[in-house]
Amino acid sequence: MSILVMKFGGTSVATLDRIQRAAKRVAVEVAKGHNVIVIVSAMAGKTNELVGWVGETSPLYDAREYDAVVSSGENVTAGLMALRLQEMDIPARSWQGWQVPVKTTSAHASARIEEIPPANILAKFGEGMKVAVVAGFQGVSPEGRITTLGRGGSDTTAVAFAAAFGAVRCDIYTDVDGVYTTDPRICDKARKLDKIAFEEMLELASLGAKVLQTRSVELAMRYKVRLRVLSSFEEQSDEAGTLVCDEEEIMESNVVAGVAYSRDEAKMTLISVADRPGIAAAIFGPLAEAGVNVDMIVQNISEDGRTDMTFSCPTDQVIRAEKAMTDAKERGEINFHDVVSDTGVAKVSVVGIGMRSHAGVAAQMFKALRDENINIKVITTSEIKISVLIDRKYMELAVQALHDCFGLEKAA
């Protein structure tokens with residue numbers, strides 16, 4: 001019997017009516033002959049409410065109790081979904097993380113899945129259960145405590161189950177009907193993609209696209225789990241949504257698959273750093289220890305033994321980064337004249353596996369930005385991505401210009 005994994009996000013199970021709608025979608029797949037593992041998030045807004053309660057009760061909370069409280073939102077949804085399916089005469093049972101068990105590390109609030117033994121659920125399928133409704137986002141530590149996987153953890157749960165059970169596919173139901181060439185709220189020419197390669201989706205997710213959580217795409221790529229992104233609010237066919245799959249499954253694609261952006265970026269520059277062997281390690285070591293997520297890095301040509309070092313990071317980490325650099329300077333680990341922060345920038349990126357075999361993509365991108373009189377502050381590239389930092393006020397214009405430049409409104 002084939003197994004299908006279906007994941008429903010918070011907006012898809014936000015009310016009892018929406019849970020009923022989701023249950024009807026599950027019933028369709030059961031009627032096709034699948035055994036179904038349903039992964040559910042907490043009802044929309046519930047996790048934030050629970051996090052708020054923990055903070056009000058204990059500002060310096062015990063992370064183990066935080067997980068015990070915050071994981072309860074998914075338990076409620078799983079129970080309600082199972083009850084709804086039972087009312088539809090479908091043999092269903094809810095499962096919490098510890099019952100499966102979803103074995104994780106002990107890093108509370110940011111645990112990682114280590115193993116999902118399939119025996120317990122497979123045994124129940126063998127006894128006639130048709131749907132296992134599993135609480136997403138949670139697992140159990142080696143010490144037997146409830147753990148949570150961090151924000152977006154239900155996507156990761158779904159992909160991990162698909163890998164562990166050899167599922168035919170993992171369907172992710174959200175409030176959008178697929179993956180688009182860029183954000184339709186910014187560019188009205190944005191087009192829904194029928195298929196996108198794992199690598200492209202991973203880059204887009206890490207660069208700001210909010211459709212799928214980065215860890216879930218990494219997992220899908222590693223275990224070759226075919227993902228389908230669908231809307232839970234629209235009628236669907238077998239070809240609905242966007243299939244995230246292996247590059248070999250895509251016959252033809254545009255050179256550039258999509259344009260991503262990140263609004264909350266900051267550019268930081270250490271002015272006149274003493275240029276010596278190990279200086280990069282001396283700078284970025286303390287930043288890593290301070291939990292600063294550094295992205296783009298540029299070092300100027302050295303002159304008279306001094307250089308400037310520029311890097312980008314999220315705007316909410318600027319104060320932490322400045323303190324880390326100042327502390328390192330006071331400890332004598334690095335020597336620089338000043339640290340200058342610019343919090344008025346945004347990152348815009350083009351992504352596409354076709355860039356591997358096509359020259360001139362960077363030149364085309366830079367010309368499109370020049371034609372709109374948009375100045376580039378920092379550039380980084382990889383095999384399938386080009387990212388630039390620009391003034392934030394030009395972000396939407398840049399996204400639209402690049403979408404037009406690469407003709408993304410047209411299919412390959």
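Only this structure's heavy atoms are used, side chains among them; waters, hydrogens and symmetry mates stay out. Computed from a prediction, not measured in an experiment: that's the story for all the values here.
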Show me the donor-acceptor pairs within less than 3.5 Å that the side chains of residues 37-55 make with the rest of the protein, sequence neighbours left out.
| residue | atom | partner | partner atom | Å |
| --- | --- | --- | --- | --- |
| Ser41 | OG | Ser154 | OG | 3.3 |
| Asn48 | OD1 | Arg151 | NH2 | 2.5 |

Item to check | side-chain contact (heavy atoms from CB on, under 4.5 Å) assessment of Leu270 paired with Asp308 | outcome: CA-CA 6 Å; Leu270 293 179; Asp308 294 344; over 6 Å; no

Checklist entry - Given Val69 and Tyr61, is the side-chain contact (heavy atoms from CB on, under 4.5 Å) satisfied, shown in steps? => result CA-CA 11 Å; Val69 174; Tyr61 54 77; over 6 Å; no

Next on the checklist: Evaluate Ser2 against His34 for side-chain hydrogen bond (donor to acceptor under 3.5 Å, both in side chains), listing each step before the verdict.
Outcome noted: CA-CA 5 Å; Ser2 63; His34 295 301; 2.7 Å; yes

Checklist entry - Please walk me through it: do Glu322 and Ser341 pass side-chain hydrogen bond (donor to acceptor under 3.5 Å, both in side chains)? => result CA-CA 8 Å; Glu322 289 174 340; Ser341 304; 2.7 Å; yes

Item to check | Step-by-step side-chain hydrogen bond (donor to acceptor under 3.5 Å, both in side chains) determination, Thr156 to Gln213 | outcome: CA-CA 7 Å; Thr156 304; Gln213 199 251 4; 2.9 Å; yes

Item to check | CA sep, side-chain torsions, deciding dist, call: Glu265, Ser262, side-chain hydrogen bond (donor to acceptor under 3.5 Å, both in side chains) | outcome: CA-CA 7 Å; Glu265 297 288 326; Ser262 176; 2.8 Å; yes

Item to check | Intermediate values then yes/no, side-chain contact (heavy atoms from CB on, under 4.5 Å), Leu85 and Val26 | outcome: CA-CA 8 Å; Leu85 288 165; Val26 176; 4.1 Å; yes

Checklist entry - Between Arg145 and Glu65, is a salt bridge (charged side-chain N to carboxylate O under 4.0 Å, His left out) present by the stated rule, with each step listed? => result CA-CA 9 Å; Arg145 299 288 312 186; Glu65 301 307 332; 3.1 Å; yes

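Ring planes of Phe8 and Tyr173: parallel class, angle under 30° (limits at 30 and 60°).
Within a 6.0 Å sphere centred on OH of Tyr394, other residues, nucleotides and ligands contribute 12 heavy atoms or fewer. The 12-atom threshold is not exceeded at CZ of Arg112, counting heavy atoms of other residues, nucleotides or ligands nearer than 6.0 Å. Within 6.0 Å of NZ on Lys124 lie no more than 12 heavy atoms contributed by other residues, nucleotides or ligands. Arg331 CZ: more than 12 foreign heavy atoms inside a 6.0 Å radius.
The backbone N or O of Ala135 sits nowhere less than 3.5 Å from a side-chain atom of Gln96 that would complete a donor-acceptor pair. Side-chain atoms of Lys192 come within 3.5 Å of backbone N or O of Gly241 as a donor-acceptor pair. Here the side chain of Ser141 pairs no donor or acceptor atom with the backbone of Thr147 at under 3.5 angstrom. In this structure, the side chain of Arg392 engages the main chain of Thr343 through a donor-acceptor pair within 3.5 Å. Under the 3.5 Å distance criterion, the side-chain polar atoms of Thr307 are matched with a main-chain donor or acceptor of Asn300. Counting only distance, with no hydrogens or angles, the side chain of Thr174 and the backbone of Ser231 share no donor-acceptor pair below 3.5 Å. Of the possible polar contacts, none joining the Arg226 side chain to the Leu243 backbone as a donor-acceptor pair under 3.5 Å is found. Side-chain atoms of Arg18 come within 3.5 Å of backbone N or O of Thr11 as a donor-acceptor pair. Side-chain N or O atoms of Ser216 include none that pairs as donor or acceptor with a backbone N or O of Asp155 at under 3.5 Å.
Under the rule for a salt bridge (Lys or Arg N to Asp or Glu O under 4.0 Å), Asp177 has no partner lying at least two apart in sequence or in another chain.
Scanning all heavy atoms of the two residues, the minimum distance from Arg169 to Leu4 falls at O-CD1, 3.4 Å. Ala290 and Ala324 make their closest contact through CB-CB, 3.9 Å (heavy atoms, listed as atom of the first residue, atom of the second, distance). Across every non-hydrogen atom of His358 and Gly354, the tightest pair is ND1-O, 2.9 Å.
With values rounded to the nearest 0.5 angstrom, Arg84 atom CZ is found 14.5 Å from Thr77 atom OG1. Note that NZ of Lys24 is 13.5 Å distant from OG of Ser232, once rounded to the nearest 0.5 Å. Atom CD of Glu203 and atom NZ of Lys385 lie 5.0 Å apart (nearest 0.5 Å). Atom CG in Asp342 sits 11.5 Å away from atom OG in Ser312 (nearest 0.5 Å). Here the CE atom belonging to Met325 is positioned 13.5 Å from the CG atom belonging to Asp338, to the nearest 0.5 angstrom. Distance check: Gln99 CD to Ser94 OG gives 6.5 Å after rounding to the nearest 0.5 Å.
In this structure, Arg228 and Cys170 have side chains that are not in contact, with every pair of non-hydrogen atoms separated by 4.5 Å or more. Between Thr104 and Val140, every side-chain heavy-atom pair lies at or beyond the 4.5 Å cut-off. Within the 4.5 Å cutoff, the side chain of Cys245 has heavy atoms near those of the Ile250 side chain. Here the side chains of Lys267 and Val378 are in contact, with some heavy-atom distance below 4.5 Å. Inter-residue side-chain proximity for Ile390 and Val345 is flagged as unmet; no heavy-atom pair is nearer than 4.5 Å. Between Val70 and Asp67 the shortest side-chain heavy-atom distance does not fall below 4.5 Å. The closest side-chain heavy-atom distance from Phe336 to Ile283 is not below 4.5 Å. Considering only heavy atoms from C-beta on, Leu204 comes within 4.5 Å of Ile196 through its side chain.
The side-chain contact (heavy atoms from CB on, under 4.5 Å) test with Ser387 singles out one residue from Val348, Val350, Ile379, Thr380, and that residue is Thr380. Each of Thr157, Thr148, Asn75 was scored for a side-chain hydrogen bond (donor to acceptor under 3.5 Å, both in side chains) with Gln138, with one residue passing: Asn75. Checked options Val133, Ile3, Val30; the residue passing with Val36 is Val30 (criterion: side-chain contact (heavy atoms from CB on, under 4.5 Å)).
Salt-bridge formation is not detected for the pair Asp171/Lys7: no Lys NZ or Arg NE/NH1/NH2 atom is positioned less than 4.0 Å from an Asp or Glu carboxylate oxygen. A salt bridge links Asp391 to Lys377: one of the charged nitrogens lies within less than 4.0 Å of a carboxylate oxygen. The residues Glu247 and Arg356 are annotated as salt-bridged, a charged nitrogen and a carboxylate oxygen being separated by less than 4.0 angstrom. With respect to the salt-bridge test (charged N to carboxylate O, under 4.0 angstrom), the residues Arg215 and Glu218 do not qualify. Classification of Asp327 and Lys329 as a salt-bridged pair fails, no side-chain N sitting under 4.0 Å from a carboxylate O.
Side-chain atoms of Glu143 and Ser106 form a donor-acceptor pair, as typed in the model, at a separation below 3.5 Å. Using modelled atom types and a 3.5 Å distance limit, the side chains of His403 and Thr182 yield no donor-acceptor pair. A donor-acceptor pair shorter than 3.5 Å can be found between the side chains of Arg306 and Asn335.
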